[in-house]
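This chain uses plain numbering: 1 for the first residue, then up along the sequence.
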Amino acid sequence: FKVSDPSEARGRSITAREILTAGAQRIDTELAAQPEVRAQLMDTIGSVFTSLGLFDDASDMLQKALDNRRALTNVTDLEIVQSLMHMADVMTIKAELEPAETLYLEAIERLEKSGAQGSQEMADAHAGLAELYFHMGRYEDAEPLLTLVLEERRRLLGPEDPAVADAIEELGLNQFDQGKFDVAEQHLREALALRREIFGDEPHPDVAENVNNLALLLMESDRYDESELLFQDAMTMYRQLYGEKHPSLAAGLNNLGILYRAQGKLDEAAGSYREALAMNQRLFPGDHPETATSLNNLAVVLRMNEDPKDAAEARQLFRTALEMNKRLLPGDHPNIASGINNLASFLQSQGELVEAEALYRESLAMRRRLFPGDHTSVATGLNNLALLLQREDQYAEAEAMIRESLAMRRRLFKGDHPSVALDLNNLSLLLRDKGDLEASLKVGQDAVDMFTRTHGKDYWLTGYARMGRGRTLVRMRRFGAA
């Protein structure tokens, strides 16, 4: 794949993309008589495109590799599985989720038929499918796969291999996503203990990341003091590992900002976000996804202040982050949909409802295109637009959207889940506003009961739902019950 003739550069530097593209063109012409080698090199080039972030190029090349291998008469199942997995991986990144699932399932089926149960390839296929289900919001479907991956890696690699610690942590993070905080914490602590046993007292990237993830879980459990200590521990390790400028350090500063924001320490949060933003701008000059994220996070905390100067800066930061993501990610992308949603939320807070409604609708439409069917992002978009429509007294459309979101989340999260409880509470408040008080009272009690089961009676959202129900009772003039 080398460029042997300097004149081919035509006075400019040769990029990795140009080298790979030139190599791919030579494969088609020079290896026509060696189809097995051609297919393998196509798969290799496609995988390199993926690692470079050139996902459209990767998808085109990996599809060619898969098509070529399917046409071969002497190809092995493992070779086709390799192409299926690489193609499914890049489809997952591109949010082409349903086609990716089809490929993962075919890979698993081929491995089963070829007698490769319990192999490393099978463990990798299960892990890939679990990652896909995470992106689809199908956390319950992912959990048994991650449990299987953990069992397979323990059997293949032994109980003290780093890949086993990875699998334990992934299982814990999945349970975290489902709101199963107790068992998630157990697995994250188990992974951390194993990694400390493997790597000793010296700082290690996997240990730092594990500590960071445990801190995030404790923050979500409102255990802020423990969480802050762990975040600081992770930051110390990042500095020992990487010095004073590194993406992991910037991510740690961002997480500290999230913690301070959750505690209501808005000045400290803004300080952490500004430091993270400055570091990302030094690390990644020009447009970069991490810079866009830092811009957005700083805007979120500034909008929480009452200072008009902060509101003006937040407005500019939201728009700058969105425009940057649009340049980085042409077309539909989850980050763009989120950016549009965040700008809409800010404008709603400023009373600019017409533009906010248009942006909420744009964001929701994009999320529906990105995630056909049930997805948490679509449910969030439905809720956000419904709340604005409720504010504008457009009760019929608002109610339809909240009910659609509620039904979607009930399909996504079997049984009790905080997101389902939140939808129930939002529906209760809407029913109260439109005057259907008996229905509001019943749905509000369902929300209180579910929050109590998921987080306990002292959780702040349990109290919020109980307060909403109390206000409904006041509207009904049932003051004693209220």
Side-chain angles (χ1 to χ4, degrees), residues 127 130-131 134 139 142-143 146-147 149-150 153-154 157-263 265 268-269 271-280 283 289-290 293-294 297 301:
E131 175 73 11
F134 162 76
Y139 305 126
E143 185 174 1
L146 291 169
T147 301
V149 170
L150 176 56
R153 287 184 179 172
R154 278 176 169 152
L157 305 172
E160 297 183 356
D161 191 272
V164 172
D166 294 344
I168 296 170
E169 184 181 25
E170 288 298 326
L171 179 57
L173 292 172
N174 169 269
Q175 292 158 338
F176 181 13
D177 289 331
Q178 294 185 70
K180 300 177 180 179
F181 290 168
D182 290 343
V183 66
E185 182 179 347
Q186 291 172 17
H187 280 121
L188 291 180
R189 290 191 184 279
E190 181 185 355
L192 180 58
L194 178 55
R195 282 174 167 146
R196 291 194 186 280
E197 186 177 338
I198 293 170
F199 301 119
D201 295 331
E202 293 298 314
H204 190 279
D206 291 348
V207 175
E209 181 182 7
N210 200 153
V211 169
N212 181 77
N213 287 334
L214 179 57
L216 286 169
L217 183 145
L218 295 176
M219 179 179 67
E220 287 296 317
S221 303
D222 299 334
R223 292 155 65 182
Y224 295 133
D225 291 341
E226 293 176 81
S227 176
E228 184 170 2
L229 289 174
L230 287 173
F231 275 136
Q232 296 289 4
D233 188 16
M235 295 282 286
T236 298
M237 279 189 274
Y238 288 142
R239 286 189 168 98
Q240 290 172 330
L241 287 163
Y242 307 124
E244 291 298 323
K245 188 176 74 171
H246 190 271
S248 294
L249 190 59
L253 288 165
N254 175 73
N255 289 337
L256 270 176
I258 295 172
L259 172 68
Y260 291 141
R261 188 181 74 198
Q263 292 176 290
K265 300 177 180 178
E268 290 91 336
S272 289
Y273 285 145
R274 288 189 191 280
E275 192 175 350
L277 173 60
M279 188 175 297
N280 280 323
L283 286 165
E290 293 299 328
T293 297
S294 292
N297 289 343
V301 75

| message | Could you go through L253 and M235, starting from their C-alpha distance and side-chain angles, then the distance that decides it, and tell me whether this counts as side-chain contact (heavy atoms from CB on, under 4.5 Å)? | response | CA-CA 8 Å; L253 288 165; M235 295 282 286; 3.4 Å; yes
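- A pairwise comparison of heavy atoms in L217 and F176 identifies CA-CZ, 3.5 Å as the closest pair.
- Residues Q232 and L256 form a side-chain contact, since some pair of their non-hydrogen atoms from C-beta on lies under 4.5 Å apart.
- Screening residues 190-213 for ring-ring contact (aromatic ring centres under 6.0 Å, His included), with sequence neighbours left out, gives F199-H204.
- Separation of atoms CG (L192) and CD (E185) is listed at 11.0 Å; rounding is to 0.5 Å.
- Scanning both residues, L249 and M279, for their nearest heavy atoms gives CD2-CE, 3.7 Å.
- Considering every non-hydrogen atom in both E228 and Y260, the closest pair reads OE2-OH, 3.1 Å.
- Here the CZ atom belonging to R239 is positioned 12.5 Å from the OG atom belonging to S248, to the nearest 0.5 angstrom.
- No donor-acceptor pair closer than 3.5 Å links the side chain of S227 to the backbone N or O of R223.
- Summarising the geometry of I198 relative to P162, their closest heavy-atom pair is CD1-N, 3.8 Å, with the distance given to 0.1 Å.
- Within the model, atoms CD of Q263 and CE of M219 stand 9.5 Å from one another, a figure rounded to the nearest 0.5 Å.
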Show me the donor-acceptor pairs within less than 3.5 Å that the side chains of residues 163-175 make with the rest of the protein, sequence neighbours left out.
{"residue": "D166", "atom": "OD1", "partner": "R195", "partner atom": "NH2", "Å": "2.5"}
{"residue": "E169", "atom": "OE1", "partner": "R195", "partner atom": "NH1", "Å": "2.7"}
{"residue": "E169", "atom": "OE1", "partner": "R195", "partner atom": "NH2", "Å": "3.1"}
{"residue": "E169", "atom": "OE2", "partner": "N213", "partner atom": "ND2", "Å": "2.7"}
{"residue": "N174", "atom": "OD1", "partner": "Q178", "partner atom": "NE2", "Å": "2.8"}
{"residue": "N174", "atom": "ND2", "partner": "Y139", "partner atom": "O", "Å": "3.0"}
{"residue": "Q175", "atom": "OE1", "partner": "H187", "partner atom": "ND1", "Å": "2.8"}
{"residue": "Q175", "atom": "NE2", "partner": "E143", "partner atom": "OE2", "Å": "3.1"}

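- Identified under the ring-ring contact (aromatic ring centres under 6.0 Å, His included) test for residues 212-245, with sequence neighbours left out: Y242-H246.
- For N212 (side chain) and A234 (main-chain N/O), no donor-acceptor pair under 3.5 Å exists by modelled atom type.
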| task | List the steps, then state whether side-chain contact (heavy atoms from CB on, under 4.5 Å) holds for V301 with R274. | result | CA-CA 11 Å; V301 75; R274 288 189 191 280; over 6 Å; no
| Should E290 and L283 be marked as a side-chain contact (heavy atoms from CB on, under 4.5 Å) after you check the CA-CA gap, both sets of side-chain angles, and the distance that decides it? | CA-CA 10 Å; E290 293 299 328; L283 286 165; over 6 Å; no
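- A side-chain contact (heavy atoms from CB on, under 4.5 Å) with L218 holds for exactly one of L259, L188, L230; it is L230.
- Residues Y273 and G257 come closest through the heavy atom pair OH-C, 3.4 Å.
- Considering all non-hydrogen atoms of both residues, N280 and A250 come closest at OD1-CB, 3.5 Å.
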